[in-house]
Amino acid sequence: MKTKLKTEQRERRKKRIRAKVFGTEARPRLSIFKSNRYITLQIVNDEKGATLAYTSTKGLKEKNKAFMAGHNIALQAKAKKINKVVFDRGGYIYTGSVMEVAKGARDGGLEF
């Protein structure tokens, strides 16, 4: 039995999720990417292949950076009259910073 690297396992989960999750104009996709240092969030319309809003934890000074990034992306979405999104956790497990991003986005007024 061959063992898989963590990144390969995450890529498999990501493909499985992306097969089901699709962002439309009415409900764009809120996508998460985590590096070792930062979290990057995008709101994407997959029909047009366009990024509607973008934020990152880079440069944030607050204590809970993931929560604030989720809140910031929600405020940007509200400014563009986006209320509902589809949440794409990007193959990451829904705990820790991914959960904090979701809480921040919900606190900012996004529905998913």
Side-chain angles (χ1 to χ4, degrees):
M1 179 148 171
K2 194 174 179 182
T3 60
K4 301 265 185 196
L5 295 174
K6 275 186 168 184
T7 53
E8 291 173 344
Q9 290 173 339
R10 188 185 78 77
E11 285 299 319
R12 287 186 68 205
R13 284 192 305 267
K14 183 179 178 180
K15 283 182 183 179
R16 197 167 53 236
I17 291 167
R18 286 289 289 123
K20 301 170 189 171
V21 175
F22 189 79
T24 62
E25 193 164 340
R27 273 184 90 116
R29 177 172 55 95
L30 173 59
S31 175
I32 295 179
F33 174 75
K34 291 190 328 179
S35 71
N36 288 336
R37 231 183 218 190
Y38 304 114
I39 298 173
T40 304
L41 306 173
Q42 294 184 63
I43 295 182
V44 181
N45 179 354
D46 289 319
E47 291 175 334
K48 294 182 181 177
T51 299
L52 307 173
Y54 163 87
T55 192
S56 174
T57 57
K58 191 173 189 176
L60 289 179
K61 302 289 184 199
E62 288 81 10
K63 187 119 176 143
N64 192 346
K65 293 180 182 182
F67 181 86
M68 288 310 297
H71 193 77
N72 289 346
I73 198 83
L75 295 179
Q76 288 181 24
K78 287 290 196 180
K80 295 186 179 191
K81 296 188 174 40
I82 299 170
N83 296 322
K84 294 183 178 184
V85 294
V86 179
F87 190 67
D88 176 12
R89 59 187 173 90
Y92 302 107
I93 298 170
Y94 188 82
T95 59
S97 57
V98 175
M99 187 170 62
E100 288 299 318
V101 165
K103 283 182 185 177
R106 285 188 184 111
D107 186 58
L110 282 181
E111 293 178 35
F112 51 90

>> Measuring from atom CD of Glu25 to atom CZ of Arg27, what distance do you get when rounded to the nearest 0.5 angstrom?
In response: 14.5 Å
> Are Phe87 and Met99 joined in one hydrophobic group, where the rule is that I, L, V, M, F, W and Y side chains link up if heavy atoms are under 4.5 Å apart?
Replying inline: yes
>> I need the minimum non-hydrogen distance between Ser97 and Ala66, along with the two atoms involved.
In response: O-CB, 3.7 Å
>> I'd like to know if the side chain of Arg106 reaches the main chain of Gly109, judged simply by a donor and an acceptor atom lying under 3.5 Å from each other, with no hydrogens or angles considered.
In response: no
> If Ile, Leu, Val, Met, Phe, Trp and Tyr residues are connected whenever their side-chain heavy atoms lie under 4.5 Å apart, and connections chain through other members, are Leu75 and Ile82 in the same group?
Replying inline: no
> Can you name the nearest heavy-atom pair linking Ile43 to Ala77, along with the distance?
Replying inline: CD1-CB, 3.6 Å
> What are the two closest heavy atoms between Gly90 and Arg10, and how far apart are they?
Replying inline: O-NH1, 2.6 Å
>> I need the Ile32 CD1 to Lys34 NZ distance, nearest 0.5 Å.
In response: 8.5 Å
> If you take all heavy atoms of Gly108 and Ala74, which pair is closest and at what distance?
Replying inline: CA-CB, 3.6 Å
> Per the side-chain hydrogen bond (donor to acceptor under 3.5 Å, both in side chains) rule, which among Asp88, Thr51, Thr55 passes with Gln42?
Replying inline: Thr51
> Distance from Asn72 atom CG to Phe67 atom CZ, nearest 0.5 Å?
Replying inline: 10.5 Å
> Does a sphere of radius 6.0 Å around NZ in Lys78 hold more than 12 heavy atoms from other residues, nucleotides or ligands, not counting ones at 6.0 Å or beyond?
Replying inline: yes
> Are Phe112 and Ile39 grouped together when hydrophobic residues (ILVMFWY) are joined by side-chain heavy atoms under 4.5 angstrom apart?
Replying inline: yes
> OG1/Thr57 to CD/Glu100 distance, rounded to the nearest 0.5 angstrom?
Replying inline: 13.0 Å
> For the atom pair CG (Asp46) and OG1 (Thr24), what is the distance rounded to the nearest 0.5 Å?
Replying inline: 9.0 Å
>> When you compare the side chain of Arg13 with that of Gln9, does any pair of heavy atoms fall below 4.5 Å?
In response: yes
> Does Phe33 share a hydrophobic cluster with Met68, counting links as ILVMFWY side-chain heavy atoms below 4.5 Å and allowing steps through other members?
Replying inline: no
> What heavy-atom pair brings Ala69 and Leu60 nearest, and what distance separates the two atoms?
Replying inline: N-CD1, 4.0 Å
> Do the non-hydrogen side-chain atoms of Phe22 and Glu47 ever get within less than 4.5 Å of each other?
Replying inline: yes
>> Hydrophobic cluster membership, with links at side-chain heavy-atom distances under 4.5 Å among I/L/V/M/F/W/Y: are Leu52 and Val101 in one?
In response: yes
>> Minimum heavy-atom separation for Thr40 and Tyr54, please, with both atom names.
In response: CG2-CE1, 3.2 Å
